[in-house]
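The structure appears below as structure tokens.
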Protein chains: 2
Amino acid sequence: MDALDRQIIAALRANGRATYADLGRKVGLSASAVHERVGKLESSGVIVGYHAVVDPSSVGLGVTALIGIHPTDIADDNEVAVALGELIEVESCYRVAGDESFIVKVRVATVDDLERSLGRLRRIPGVARTRTTVVLSTRFEGRPNTGDEDDDVT
Amino acid sequence: MDALDRQIIAALRANGRATYADLGRKVGLSASAVHERVGKLESSGVIVGYHAVVDPSSVGLGVTALIGIHPTDIADDNEVAVALGELIEVESCYRVAGDESFIVKVRVATVDDLERSLGRLRRIPGVARTRTTVVLSTRFEGRPNTGDEDDDVT
DNA sequence: ATTGAAAACATTCCGCT
DNA sequence: AGCGGAATGTTTTCAAT
């Protein structure tokens, strides 16, 4: 992984649909060289995937909440994680340090759905209680941070 | 927004680099029809963007933390939000209900960097104190949830 | 709003450096 | 590891429906 790879990654984080020709122009390489590098970045697991980002309320998911999961004394974290993964409304799941074992982000259509979702969460074996923080607005989300200074990616 | 649009959105969430021809085959439309629909979804703000997802530790950002921001009595939330946005390590920023005004997700290289970042956060005018939850592992993150049942997107 | 055709463009493979 | 050429496939525009 050299500076060129990092530039390519930054460009693909900014625009996941950039063509190899575009990327080549940006970093000063031929399209085929970029193609080869991106292929290696993908198969080595640096680039995990490409996703369209959708405005949640446009797809009927206007309610977001961050929920801390308190485990029971005998909880198996792995089983809890699997059960959390089975709930479609759980968008992200973090195993955390502290007296909560997980923090999850859920997206649902309405507060009624949130209530139902909390019911499902609490019914998971190993979950003692939940602590819910409702998101009022998302200022920004998933911003690219390449790890170093230069972020001039148009 | 009809069922076809939703199918296209789901496919682009699963694979942000799918070609219009691919999408057309998947939903039973010509590439040009898909092109037109996607263009409308983009300009109407349903599709916000396309991003490559990168393994954070591969780009030297192995430490993730979720940080609650407690405001001072006289804090201006908007000013705090702007200041949070200026910190490159703050990847996401949610305005929340409760006694914390924001919850942010930060990604840094090391716990030393986390300490420095917390210093920067606390120095923001309007920030009284922070509550930090260190992420031990990310089980999953940013999973697509189309809002309804069928999620059979290969 | 969708199509099919056509031109421009991008991808992808391969031999060469 | 990168380049350029060539074949194939895709994007993008447009007239027609």
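Bear in mind that the values here come from a model prediction, so they are computed numbers and not experimental data. All chains are named by letter (A, B, ...) in the order of the sequence lines, taking the proteins before the strands, and each is independently numbered beginning at 1.
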Quiz item: Starting at CD1 of B:Ile8 and ending at P of C:dT2, how long is that distance when rounded to a whole Å?
Solution: 8 Å
All N/O pairs under 3.5 Å across the protein-nucleotides 11-15 of chain D interface:
from	atom 1	to	atom 2	distance (Å)
D:dT11	OP1	B:Tyr20	N	3.1
D:dT11	OP2	B:Tyr20	N	2.9
D:dT11	OP2	B:Ala21	N	3.0
D:dT12	OP2	B:His35	NE2	3.2

Exercise. Whole angstrom is fine here: how far is it from CG in B:Asp5 over to C1' in C:dA1?
Key: 11 Å
Self-check item: Same cluster (ILVMFWY, side-chain, under 4.5 Å), A:Val96 and B:Val106
Solution: no
Quiz item: If only atom types and distance count, is the side chain of A:Ser92 paired as donor or acceptor with the main-chain N or O of B:Gly142 below 3.5 Å?
Solution: yes
Quiz item: Near DNA chain D, which residues from residues 42-54 of chain A have a heavy atom under 4.0 Å away?
Solution: none
Exercise. Apply side-chain hydrogen bond (donor to acceptor under 3.5 Å, both in side chains) to B:Ser101 and list each qualifying residue two or more places apart in sequence or on a separate chain.
Key: none
Quiz item: Separation of B:Leu4 atom CG from C:dA1 atom P, in whole Å?
Solution: 12 Å
Quiz item: Taking only residues two or more places apart in sequence or in another chain, which ones pass side-chain hydrogen bond (donor to acceptor under 3.5 Å, both in side chains) with A:Thr133?
Solution: none
Quiz prompt | B:His70 (side chain) donor-acceptor with B:Thr130 (main chain) under 3.5 angstrom | solution = no
Quiz item: Okay, side chain of B:Ser30, backbone of B:Ala33: is any donor-acceptor separation there less than 3.5 Å?
Solution: yes
Quiz item: Which angle, to the nearest 10 degrees, lies between the helix axes at the two ends of the helix from C:dA1-D:dT17 to C:dT17-D:dA1, each defined by five pairs?
Solution: 30°
Quiz item: Does the side chain of A:Arg25 get closer than 4.0 angstrom to OP1 or OP2 of C:dA10 through an N or O atom?
Solution: yes
Quiz item: Between A:Arg143 (side chain) and B:Val90 (backbone), is there a donor-acceptor pair under 3.5 Å?
Solution: yes
Practice problem: To the nearest 0.5 Å, tell me how far B:Arg13 CZ sits from B:Ile47 CD1. | Solution: 10.0 Å
Self-check item: Atom pair OG1 (B:Thr72) and CD1 (B:Ile74), whose distance is rounded to the nearest 0.5 Å
Solution: 4.5 Å
Exercise. Would you mind reading off the distance between B:Leu29 atom CG and C:dT3 atom C1', rounded to a whole angstrom?
Key: 10 Å
Practice problem: Check the distance between D:dG2's C1' and A:Leu23's CG and give it to me in whole angstrom. | Solution: 16 Å
Practice problem: Looking at every strand, decide which applies to A:Ala33 at a 4.0 Å heavy-atom threshold: base, sugar-phosphate, or nothing. | Solution: sugar-phosphate
Quiz item: Which whole-number value in Å describes the distance from A:Asp2 CG to D:dA1 P?
Solution: 10 Å
Quiz item: Is it true that the side chains of A:Glu42 and A:Tyr50 contain a donor and an acceptor less than 3.5 Å apart?
Solution: yes
Exercise. Could you identify which residues cluster with B:Val53, counting Ile, Leu, Val, Met, Phe, Trp and Tyr as linked when any side-chain heavy atoms lie under 4.5 Å apart, either directly or through a chain of such contacts?
Key: A:Val48
Quiz item: What's the CD-P distance between B:Glu36 and D:dT17, to the nearest Å?
Solution: 18 Å
